[in-house]
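What follows is a set of notes on a single structure, which appears directly below.
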Number of protein chains: 2
Amino acid sequence: MNLKQLSELLHLSQTTVSRALNGYPEVSAETRRRVLEAAQRHGYKANSNARKLATGRAGAIGYVLPVGRNVDLDPHFVEFLAGLGEHALMREVDLSLTPAPREREQEAYRRIAASRSVDGVYLSSMRNDEQRIALVRELGLPFIAHGRALDPAAGYGFVDIDNEGAFFDAAQLLLQLGHRRLAFVNGDTDFTFAVHRLDGVKRAMAGHGLPDAALRHHAAAMTEGNGYRLAMALFRDADPATRPTAVLSASMFTTLGIVRALDQLGLKMPRDVSVISHDDVFPFLKPDSFTVPLTTTRSSIRAAGARICERLVNIITGEEKAPLGEIWPVELVVRASTGPAPRAG
Amino acid sequence: MNLKQLSELLHLSQTTVSRALNGYPEVSAETRRRVLEAAQRHGYKANSNARKLATGRAGAIGYVLPVGRNVDLDPHFVEFLAGLGEHALMREVDLSLTPAPREREQEAYRRIAASRSVDGVYLSSMRNDEQRIALVRELGLPFIAHGRALDPAAGYGFVDIDNEGAFFDAAQLLLQLGHRRLAFVNGDTDFTFAVHRLDGVKRAMAGHGLPDAALRHHAAAMTEGNGYRLAMALFRDADPATRPTAVLSASMFTTLGIVRALDQLGLKMPRDVSVISHDDVFPFLKPDSFTVPLTTTRSSIRAAGARICERLVNIITGEEKAPLGEIWPVELVVRASTGPAPRAG
DNA sequence: CCGGTTTTCCAAAGCGCTTTGAACTCGACC
DNA sequence: GGTCGAGTTCAAAGCGCTTTGGAAAACCGG
């Protein structure tokens, strides 16, 4: 059933039927009722491709999905997607994923832009050497970033969390508890979020007169295995008098590994080691259900997904005309994994 | 730049340019070269919506993304997506996600079908009372299922793993090791995979003369918290003479909780309790990096994603004309978490 | 050199929708 | 009675591509 058939059936023009369906005012109430009723009865739905062609709007937002043999999608992506999806539903937009390996990312964006298959895109996993912003700008593709580039010369829309502040607060708490030998199991510092977090920790340390070099810092992919390995390297065979007394962890997955290593080495939280983890709020893995409930810096990535979608749609429709950066505060939730530093000796 | 402009630029008709670009034979090598070169130079890309309208093909596969306040997307979805994406890239199809709450799922499929925004869909998380198969059939929407309905009257394409066999093998191993009191922390038995797994465990038990009632079976969402809670319920304050000596776990997340509970209760694997977990192969959480490496039933969900995409595209193009069920064997990987049952007493 | 292929190219007709510009109806108003 | 404006409806022109049904050009053997 297409528009032509429906309009013939109703003895009306396609114009009128189209307008009745799309809620334009210049059609009588009675006609609209008839049209709606007939459309309903015959299960008529406008062909989305025809509509897209005619209007120039795609009714979808895009994302370039990084794929490749050794690319692991962040598991938090699914939470982000859930948030995005919830809002997308309200605004009746679809989400179009274009898979692309990193080296063909540019090409993918160009294709998206030229083929007009989406109305806008969101960028995530912002890197230090971020190229995409200039690219999508050049392409005239409306966009919003989840996270931000290092370069503060922003002028584009983004939603980010206050990574610097979060890890400042976390480190600050540890320092106030008397810890002086801190370790930080960070994410890959090619990404800006990891850089910001490191900055936060350093700032807190500087505030207590500690040099950057006093921090045991490790950057790696945020997997359970890496958390375990790094914690083992830090604590196995380490002199209790010089080993770290507190660990900051960038994700619940690394924390999982860290906790496992501590367990195995017989180190107790918070007696021997205090631990603070970042928590993106992942329903399958909750910090308060750990044996020793974890102190965390908490920020819902799902909420971020919803907000990203909301703002991107607004940017596309023009409701948001001068996109700006938005930085969310992060809660520090103190639970049982943090405590006073063990007495020296 | 559109086709018309490009063709004028080349002093050729749109027909010829279109054909040159799309690899049709009726165009001279020289002309094709010129066209390709010009298209390249001016960055011409066919408008995807126009093309879709003209060809009737969408160049995308669809998925109805379950969303809602209390719906948690399975974290494995991201791995599945990675696999799907890898193949989608090769076949140059996009992935279109249509968010929908469960109660408006039907509507979403109808909309997808009527608006022809995708060429086919895949279904996942198959339920016992699966309605979607009949629906997409009625809608004439090409589809493939990840997993399968209970009803063996198949006749549709699916890719599933041998859940029954996997858990039969796992239970069998435990039984052969002398375990007689088994517990099974299963996933939600509204889903068929959980039912199949339970069947497998029961079959193995029956083979050893054990009644179904001898199994401590618990079905719940596969979260770390649930694993912990259920393991605690099984082992805390339990008489060592009657408590389970082995636990089967449906996912690495529940296993995480189970292991935590055992740790906390001072129970050692495999001395006090043997554990076998199902492992979907999640790079952020590996069974062989556990303190006690876990015996697992292993099957890559990423590989399944790739295969699903491959077959769905084939079904759409008609290369696969009589879609059939495909059931993958599951490896049983024996590591250190399983051992002989503790001596009675 | 000619009729018949084969190769190469083209004009025009869709695909199914939106939207412009015009027309038609009808009561109101002067 | 004529004009005006509001309220309805419509025909037709796109949107940018693919594809059908030729036609022109080039090639071929006889």
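Order of the sequence lines sets the chain letters (A, B, ...), proteins ahead of strands, with each chain counted from 1. Any value given below was found using the heavy atoms of this structure, including those in side chains, with hydrogens, waters and symmetry copies removed.
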For the pair made of CZ in A/R34 and C1' in D/dT9, what is the distance, rounded to whole Å? 12 Å
Integer-rounded Å distance: D/dA11 C1' and A/R19 CZ: 12 Å
Residues of residues 42-51 of chain A with a heavy atom under 4.0 Å from any atom of DNA chain D, listed by number, are none
Are more than 12 heavy atoms from other residues, nucleotides or ligands located less than 6.0 Å from atom CZ of A/R116? no
Can you tell me the distance, in whole Å, between the CG atom of A/L10 and the P atom of D/dT9? 12 Å
Main-chain N/O of B/I327 paired with B/D160 side-chain donor or acceptor, under 3.5 Å: no
Pair A/E37 + A/R34: basic N to acidic O under 4.0 Å: no
Assess the residue pair B/E30 and B/R33 against the criterion (salt bridge (charged side-chain N to carboxylate O under 4.0 Å, His left out)); give the C-alpha distance rounded to whole Å, side-chain angles, the decisive distance to 0.1 Å, and a yes or no. CA-CA 5 Å; B/E30 166 59 13; B/R33 200 196 50 68; 3.4 Å; yes
The answer to which of B/T55 and B/T31 contacts DNA chain C further toward the 5' end, by nearest nucleotide, is B/T31
Leading and trailing nucleotides of DNA chain C with any atom under 4.0 Å from heavy atoms of chain A: C/dG16 to C/dG21
Between B/L53 and B/T16, who's closer to the 5' end of DNA chain D by nearest nucleotide? B/L53
Steps toward salt bridge (charged side-chain N to carboxylate O under 4.0 Å, His left out) verdict (B/R110, B/E107): CA-CA 5 Å; B/R110 289 185 189 283; B/E107 182 188 330; over 6 Å; no
Nearest-angstrom distance from the residue atom CZ of A/R33 to C1' of D/dT8: 17 Å
For a quick test of reading the model: is some side-chain N or O of B/T15 closer than 4.0 Å to OP1 or OP2 of D/dT20? no
Do the rings of A/F80 and A/F77 sit parallel, tilted or perpendicular, given the 30° and 60° boundaries? parallel
Spell out, as yes or no, whether a donor-acceptor pair under 3.5 Å connects the side chain of A/D94 to the backbone of B/T98. no
Quick one: label A/S28 by what it contacts on the DNA or RNA (base, sugar-phosphate, nothing), any heavy atom closer than 4.0 Å. sugar-phosphate
Give me the ring orientation class for B/Y63 and B/Y122: parallel if the planes are under 30° apart, tilted from 30 to 60°, perpendicular past 60°. parallel
So, are A/R91 and A/E319 salt-bridged, with charged N and O less than 4.0 Å apart? yes
